[in-house]
Amino acid sequence: MATFQTLPGFREFYPEDLARRNHLFRLWRQTANTFGFAEYDAPVLEPLDLYKAKSGDEIENQLFSFTDKGGREVALRPEMTPTVCRLVGAKANALKRPIKWFSIAEFYRYERMQKGRGRCFFQFNADIFGEPGPEAEIELIALLVQCLCAFGLTDQDFYVRLSDRNLWFYYLEALGLDEARTRGVLGAIDRYEKYGDDAFKGYTETFGPLAPELKTAILDFLQIKSLPALEAKLQTLGGEKLAGRLADWRKLLGALDAMGLARFVEVDLGVVRGLAYYTGFVFEAFDRKGELRALAGGGRYDDLVQKLGGPALPAVGFAIGDMTFALLLEQRGLMPTFVQAPDVYCVIGGEAERQAAFGDIHALRAAGYRVDYPMKELAFGKQFKAATESGAKLALIYGGDELAKGVVKIRDLNQRNEVEVPRAQVAAHVRDFFSGS
RNA sequence: GCGGUCAUAGCUCAGUUGGUUAGAGCACAAGAUUGUGGAUCUUGGGGUCGCGGGUUCGAGUCCCGUUGGCCGCCCCA
């Protein structure tokens, strides 16, 4: 039993685990590139104030934070958004618009671990800065969908719930609520799906009972599940702000439809996201069966860059976490098993043969082929077994007979046939084999 | 932070009302096997029974504590 254990909630990646992780990263990166997003990275350790400024002191409970040797209050990053806002804010005027950036990075949160949640996890983050209209949301939701579809997931496996915090703000304003009450109601809406009427308890305790006609109006709004229903509702209210939001909704859903992605997206005003900094459209991706926690989440945060010391700069972004996503892929049988197989395995008779083999082994490796060989002398039978188990397609046989004749026997491990090739032509033969297959 | 549950070999697990030196399968390694395939047989390495204390002639087994895993709640940037 090992004396030292991994810290709770932290993860170790043995080769098979890392292969799966890399698979996620590879396809995410590839997909982001096809959408024209540029990759960036940033420090894991940040000033604690970067997170305090955004969300208040109570966030500190879930931060890995400490005082460094220089007396600075620092924290391991719990998310990317503040960091990327700082990066973009610092050079905002020099960056070509639109700014489309993505990253794949590890984050840390000091919380109780659970299925799909640990104290460290990876996220794919994508953000667009400098675009105030729904064009940014169009691009990001399309990217989000493709980041999941790239793995073979379909609209049978997941969907994106789309909502709008500004719509709620304007709607509740039209109903006569002030800002504090509006936030209280949004909190209740966030919990309504889970708790039903109990979700309004917190609001009632702070502001007193909600007038029945107000509650009805709110629950009515919550029932809206389509654009036509939304249009019908808003027409009865009128108002410039709400009309503006409706135009954005039409544009966003129209574009997603034109991309053929409408089947992935559902209008669901019950999504408001707990995060205080969202200002417009918000969206979350879930598995269709509803068994897992959210796969991804994001939205518009037009005020955050400025709040963190940059210029006023509209922004939209989302993140996909690696843990829940990997669970979904495994459930659907879409997580491949990765074998790290060499192209060529060398079967070597003895010490003299080994010396001869080394020259070819190194030359083949330098030419880009994956070549492996047994480190110790082994009986031929064992070596052929090892060659088969390794998954190699070719075996190069360096035996006493071959050495004497100046040849190498090359065996096709799948076809089970072999040819003798002069030593000087081994590299050429291997190249022909792999370029032909 | 709260509640439930579990912890024996690298993995999956047996282990009798508390009783000799804690077992199996898989995996790993060696041999049978000095020139041809995922087989078979034989053998081997590997354990402070999570950790600490208590009860007892005797604890993997019972009791208390603790650490860690899993599940749920809270939270979820």
Side-chain angles (χ1 to χ4, degrees), chain A residues 1-12 14 16 46 50-56 58-64 75-85 107-119 121 123 125 187 190-191 194-195 202 272-278 282 284 291 293-299 301 304 308 317-319 321 323-324 339 341 345-353 374 376-404 409-418 420:
Chain A
M1 197 56 65
T3 309
F4 296 106
Q5 303 182 337
T6 315
L7 255 17
F10 281 77
R11 296 187 287 164
E12 292 164 314
Y14 283 81
E16 319 84 83
E46 291 276 17
L50 182 63
Y51 305 110
K52 277 185 164 174
K54 194 191 76 177
S55 319
E58 73 281 3
I59 284 300
E60 235 179 303
N61 296 333
Q62 296 187 351
L63 283 174
F64 273 97
L76 290 170
R77 60 185 175 199
E79 59 165 332
M80 194 55 111
T81 307
T83 300
V84 71
C85 284
F107 300 94
Y108 305 86
R109 296 178 191 177
Y110 194 91
E111 28 183 17
R112 191 91 174 135
M113 29 177 328
Q114 256 172 63
K115 192 174 183 180
R117 189 172 76 183
R119 285 181 176 180
F121 53 92
Q123 278 185 351
N125 272 263
D190 196 24
R191 293 154 193 273
K194 213 167 178 182
Y195 300 103
V272 295
R273 292 185 63 76
L275 210 46
Y277 60 62
Y278 285 115
V282 289
E284 294 184 330
E291 291 169 351
R293 52 181 72 240
L295 293 162
Y301 49 98
L304 192 57
L308 293 175
F318 74 86
M323 293 181 75
T324 302
V339 280
Y345 195 93
C346 296
V347 173
I348 299 168
E351 198 48 39
E353 294 89 333
K376 288 177 294 189
E377 276 195 36
L378 282 175
F380 269 66
K382 277 236 192 286
Q383 293 195 51
F384 278 103
K385 187 172 166 182
T388 305
E389 283 176 351
S390 78
K393 295 186 179 60
L394 286 184
L396 301 192
I397 302 162
Y398 294 84
D401 302 344
E402 289 83 0
L403 189 63
K409 202 175 272 179
I410 300 184
R411 182 175 177 86
D412 183 326
L413 287 165
N414 297 320
Q415 301 299 315
R416 295 182 176 232
N417 54 39
E418 48 194 44
E420 282 190 353

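By convention in this document, chain letters (A, B, ...) are assigned in the order of the sequence lines, proteins followed by strands, and residues within each chain are numbered from 1.
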Quickly work out the [X] [atom1] to [N] [atom2] distance and round it to whole Å.
| X | N | atom1 | atom2 | answer |
| --- | --- | --- | --- | --- |
| A:Arg112 | B:G72 | CZ | P | 12 Å |
| A:Leu403 | B:U34 | CG | C1' | 15 Å |
| A:Glu16 | B:G10 | CD | P | 16 Å |
| A:Leu7 | B:G68 | CG | P | 9 Å |
| A:Lys382 | B:G31 | NZ | P | 7 Å |
| A:Glu351 | B:U34 | CD | P | 17 Å |
| A:Glu111 | B:C2 | CD | P | 16 Å |
| A:Arg117 | B:C73 | CZ | C1' | 11 Å |

So, does [X] use its side chain to make a donor-acceptor pair with the main chain of [Y] at under 3.5 Å?
| X | Y | result |
| --- | --- | --- |
| A:Glu353 | A:Gly400 | yes |
| A:Arg109 | A:Pro78 | yes |
| A:Arg411 | A:Lys393 | no |
| A:Glu402 | A:Gly399 | yes |

Taking atom [atom1] in both [N] and [M], compute the distance separating them and give it to the nearest angstrom.
| N | M | atom1 | answer |
| --- | --- | --- | --- |
| B:C49 | B:U61 | C1' | 10 Å |
| B:G72 | B:U16 | C1' | 35 Å |
| B:G68 | B:G52 | C1' | 15 Å |
| B:G50 | B:A14 | P | 14 Å |
| B:G60 | B:U48 | P | 13 Å |
| B:A24 | B:U5 | C1' | 26 Å |
| B:G58 | B:G69 | P | 35 Å |
| B:G47 | B:G23 | C1' | 11 Å |

With a 4.5 Å heavy-atom cut-off, do [X] and [Y] have their side chains touching?
| X | Y | result |
| --- | --- | --- |
| A:Met323 | A:Arg117 | no |
| A:Arg293 | A:Lys115 | no |
| A:Tyr398 | A:Lys409 | no |
| A:Pro82 | A:Glu46 | no |

**Request:** Just need the stems in RNA chain B: three or more back-to-back Watson-Crick or G-U pairs, each with both distances under 3.5 angstrom, sorted by first number.
**Result:**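 Output for stems: B:1-7 with B:67-73, B:10-13 with B:23-26, B:28-32 with B:40-44, B:50-54 with B:62-66.
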Select base, sugar-phosphate, or nothing to describe what [X] touches, counting heavy atoms under 4.0 Å on all strands.
| X | value |
| --- | --- |
| A:Met113 | sugar-phosphate |
| A:Gly321 | nothing |
| A:Arg191 | sugar-phosphate |

**Prompt:** Looking at the rings of A:Tyr51 and A:Phe107, which for Trp means the six-membered one, are their centres under 6.0 Å apart?
**Reply:** no
**Message:** Evaluate A:Gln415 against A:Asn417 for side chain to side chain donor-acceptor pair (under 3.5 Å), listing each step before the verdict.
**Reply:** CA-CA 6 Å; A:Gln415 301 299 315; A:Asn417 54 39; 4.9 Å; no
**Asked** Nearest of B:G3, B:A30, B:C75 to any side-chain atom of A:Lys376?
**Response**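 In terms of side-chain proximity for A:Lys376, the closest of B:G3, B:A30, B:C75 is B:A30.
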**Prompt:** Heavy-atom count around A:Tyr110 OH within 6.0 Å, excluding the residue itself: above 12?
**Reply:**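 Atom OH in A:Tyr110 is not packed in, count stays at 12 or less.
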**Prompt:** Just by protein heavy atoms under 4.0 Å, how would nucleotides 35-46 of chain B read 5' to 3' in B, S and -?
**Reply:** BBBBS-------
**Message:** Which is more 5' along RNA chain B, the nucleotide nearest A:Lys115 or the one nearest A:Leu378? Just name the residue.
**Reply:** A:Leu378
